[in-house]
Amino acid sequence: MSQQPVQTVSSRLILLIKAGYWLALLIIAAMVMASFILLQQMMAAQRHDETLLDMVSTQKALSQRIVFLASAAGAATRDQQPALVTAFKQATAEFEKNYDLLLELVAADPTSPERFDPESVQNVLFAKPFHLDYFSVGLIANGERLVSGFESQLGMATDGGYKGGSERVKLDASVANATLSGYAALGQRISAKADARSDTLLNLHRTLFYATIGVIVLVALFIFRPMSNAILRKTRELMDARNSMAFIAVHDGLTGLYNRTFLTDHFDTLIKSAQRRRERLAVVQLDLDRFKQINDTLGHAAGDYVLVVTAQRMRDACRASDLSVRLGGDEFVMILNGAGGTEDINMTAKRILTQINEPIIFQGATVLPGVSAGIAVYPVDADNAQNLLVHADLALYSAKKQGGGSFSFFSEELRRELDHRKQLEHDIRTAISEKEFEVYFQPQVSLSNGTISGVEALVRWRHVERGAIAPGEFIPVAEKCGLMPEIGRIVIAKAINEAAEWKRSGIAFGRLAVNVSGSELREPDFDAFLFDTLEKAGLPPEKLSLEIVESVILDDEKTGIAAKLRHIRAAGVHLELDDFGTGYASLSHVNPNEIDRLKIDRRFVQNINQNGDNTKIVRAITELARGLGISIVAEGAETEAELDSLMAIGCDQVQGYSIAFPMPQEKAREWLVARAPRKARLTVLQGSLA
């Protein structure tokens with residue numbers, strides 16, 4: 001399954017979980033809110049019912065008080081009657097007021113159909129057998145008439161009082177008794193109704209409570225449980241990813257061996273352990289001899305397969321206590337704990353190399369990678385990790401110089417070589433900062449007419465103390481420590497500036513050819529630097545050629561060099577393929593759309609007049625170039641016989657000591673001026689006109 005569908009499914013799952021989560025929260029919140037509202041309603045209804053019951057009790061007490069005060073006022077002396085009449089009047093008024101409030105609270109309606117319901121409050125008020133409304137109103141009316149009669153008799157009335165006479169006003173005891181019975185029945189109805197309402201609300205509340213519990217259980221089962229499982233699964237995935245990242249951080253992704261980071265972090269620990277045990281520790285640095293050839297001829301898949309098989313053979317050859325590491329590319333390191341004496345290390349190294357050097361079968365093709373090794377021993381050769389690796393690397397370089405396929409121990413001679421290399425590296429850095437590198441120029445001429453077709457710029461270095469240092473000595477060191485791009489930019493800038501001066505002075509030099517290494521081309525701003533230098537110097541791009549080796553052509557789109565070269569060539573700069581015939585380039589790369597000139601390597605030119613095979617090779621290259629429309633130049637021609645052979649083959653352009661040695665700027669300028677074609681001088685004849 002691709003990454004995109006996995007992400008889509010994961011996003012949908014997360015979206016569903018979120019939606020279910022919020023839906024569950026909304027349902028639970030709604031049910032909790034409903035329970036709260038029901039509880040509020042129940043409490044409000046209970047307070048309402050309590051108010052009604054209190055009022056009913058008050059009315060019952062007032063009805064009895066009215067009867068009592070009416071009887072007491074009638075039997076009292078004239079002196080006692082005023083107080084009793086006043087109390088009687090107040091009780092009657094309060095009874096009337098409470099009754100009006102009671103009717104309002106129970107929403108009394110004499111026309112309501114509820115009056116026929118024997119269980120309703122309205123039935124007590126307006127229907128048989130209680131007719132509470134009728135008897136309450138009658139009690140109030142009788143009370144008011146009796147009060148008025150008493151006030152008239154005692155002279156307390158302000159409006160003249162009751163005119164019928166007090167002896168005619170009697171409080172009907174039956175009305176009072178009926179009123180009392182009605183309020184008792186009303187209290188029972190209100191209590192029964194309150195109890196029924198409470199039971200209903202409690203049942204509903206109980207239902208909501210159980211429903212809420214059920215929803216919570218469902219949410220836990222169908223939402224939170226899948227959510228927790230998803231979270232647990234994601235957590236495990238994160239843990240696995242973290243473990244994978246931790247593994248990748250200290251292991252090589254292709255071979256599964258430990259990587260340089262792990263070696264850097266743990267090497268000192270291994271040395272300390274060896275020191276405590278007073279044992280030797282051997283560092284074996286390995287490098288495949290023909291790995292680049294395998295990549296170039298069989299492809300990178302074959303190269304990767306060879307690396308994997310080599311790593312497996314290293315595991316099989318070492319003990320469990322030993323450490324196998326891939327530094328990068330085709331470079332490996334084995335750390336042998338408890339290595340023993342020199343003879344033991346020698347036998348172990350032979351066994352390891354024998355096992356690794358066995359043929360490898362890849363897709364039917366037999367691959368013989370070959371491996372070389374350099375060995376440094378703790379504490380004999382060094383007592384720290386960095387120096388042990390450096391010394392093992394020097395021993396590896398020594399083994400490769402012996403032809404490869406073998407191993408070499410670090411020695412005092414290599415130590416002196418290391419010291420010399422360190423000093424040389426320091427001097428190179430100083431020379432770069434001071435721009436001490438000089439440019440020498442070697443012309444390229446046409447054999448047919450002697451014209452100058454170009455000039456190659458060559459780097460030279462004159463040390464202030466040791467004098468001239470050969471390029472073959474300092475260039476490999478500069479490449480090894482990554483200083484070649486800086487040296488190359490110094491040479492390119494000086495050469496372009498000198499060629500621009502020649503052009504401004506009218507000196508013919510053909511094209512300026514400058515060697516460019518792969519490390520220089522891999523610099524991200526190389527093309528910008530080149531164009532900027534040409535523009536500042538005032539040299540047209542078509543007056544410049546970049547000489548590259550075949551391996552750079554093969555260093556294709558993976559490094560971006562091919563695209564960069566196309567960009568440079570599109571701007572007008574020429575490209576030349578240097579040392580043609582010595583590498584592993586495919587003829588498909590000898591393309592007139594990519595290469596402007598081929599340079600035949602000097603090993604095919606030397607003694608070409610005596611070596612028939614070299615003659616055939618040069619003739620084949622010349623005919624190939626002529627057929628493709630690519631120009632050609634031969635380097636290393638040193639004798640007249642070699643020049644004659646090249647001329648006979650048809651290779652017209654040559655470069656070598658027979659033409660001119662590499663020269664510094666001043667001598668090169670003099671040589672170019674001396675070889676420039678002479679302009680015809682115009683002679684003006686003196687004479688008179690006839």
Side-chain angles (χ1 to χ4, degrees), residues 437-460 487-517 520-521 523 525-549 552 564-578 580 592-599 625 629-635 652-656 659-660 662-677 679:
F437 294 98
E438 301 176 358
V439 181
Y440 276 47
F441 299 92
Q442 188 175 25
Q444 302 164 343
V445 300
S446 170
L447 293 176
S448 59
N449 53 29
T451 58
I452 301 170
S453 58
V455 177
E456 182 179 6
L458 303 168
V459 62
R460 294 293 184 268
I487 296 175
R489 294 200 177 192
I490 294 174
V491 173
I492 290 173
K494 288 185 176 182
I496 288 177
N497 287 330
E498 183 65 19
E501 287 292 332
W502 295 342
K503 185 176 183 304
R504 283 190 286 270
S505 300
I507 300 174
F509 62 91
R511 284 200 305 263
L512 172 68
V514 182
N515 289 281
V516 181
S517 66
E520 293 176 72
L521 288 170
E523 293 289 313
D525 63 335
F526 176 79
D527 46 354
F529 157 77
L530 184 66
F531 297 148
D532 184 60
T533 304
L534 287 170
E535 184 179 358
K536 288 181 178 178
L539 184 68
E542 59 270 13
K543 299 295 288 182
L544 176 67
S545 290
L546 299 184
E547 291 190 5
I548 55 177
V549 296
V552 172
K564 190 174 296 184
L565 289 175
R566 287 193 292 269
H567 179 217
I568 292 173
R569 191 168 185 268
V573 178
H574 296 265
L575 295 182
E576 301 184 10
L577 196 57
D578 197 10
F580 184 75
N593 295 323
E594 297 179 355
I595 297 298
D596 298 289
R597 186 164 71 168
L598 300 178
K599 178 178 279 190
I630 300 175
S631 61
I632 194 167
V633 60
E635 64 175 346
D652 182 56
Q653 300 179 36
V654 295
Q655 171 186 347
I659 305 299
M663 299 170 284
Q665 295 180 4
E666 297 79 7
K667 292 188 177 295
R669 186 184 184 96
E670 293 174 2
W671 192 92
L672 292 173
V673 171
R675 294 294 297 267
K679 294 183 179 180

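Keep in mind the model is a prediction, meaning the values are calculated, not measured.
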Heavy-atom side-chain contact between [X] and [Y] under 4.5 Å:
X	Y	result
Arg569	Asp596	yes
Val549	Asn515	no
Arg675	Ile452	yes
Val516	Leu530	no

### Query
For Trp502, what residues pass the ring-ring contact (aromatic ring centres under 6.0 Å, His included) criterion, not counting sequence neighbours?
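So Trp502 forms a ring-ring contact (aromatic ring centres under 6.0 Å, His included) with Phe441, Phe509.
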
Tell me if a side-chain donor or acceptor on [X] pairs with a main-chain N or O of [Y] at a distance below 3.5 Å.
X	Y	answer
Ser453	Gln444	yes
Glu542	His574	no
Lys599	Glu635	no
Asp527	Lys564	no

Distance from [X] atom [atom1] to [Y] atom [atom2], nearest 0.5 Å?
X	Y	atom1	atom2	value
Arg511	Leu546	CZ	CG	11.0 Å
Asn497	Thr533	CG	OG1	7.5 Å
Ile630	Glu576	CD1	CD	11.5 Å
Ile490	Phe437	CD1	CZ	6.5 Å
Leu512	Ile496	CG	CD1	7.0 Å
Ile487	Arg489	CD1	CZ	13.0 Å

Taking all atoms of both residues into account, what is the closest heavy-atom pair of [X] and [Y], and its distance?
X	Y	answer
Gly510	Lys543	O-NZ, 2.6 Å
Gln653	Ser631	NE2-CB, 4.3 Å
Val573	Leu544	CG1-O, 3.6 Å
Pro662	Arg460	CG-NH2, 3.7 Å
Ala537	Ala500	O-CB, 3.2 Å
Leu672	Ala508	CD2-O, 4.0 Å

### Query
Is the NZ atom of Lys503 crowded by more than 12 outside heavy atoms at less than 6.0 Å?
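Count not over threshold, so no.
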
### Message
So that I can tick it off, tell me whether Glu501 and Arg669 are bridged by a salt bridge, with the cut-off set at under 4.0 angstrom between side-chain N and carboxylate O.
### Response
no

### Task
Please find out if less than 6.0 Å separates the ring center of Phe526 from that of His567.
no

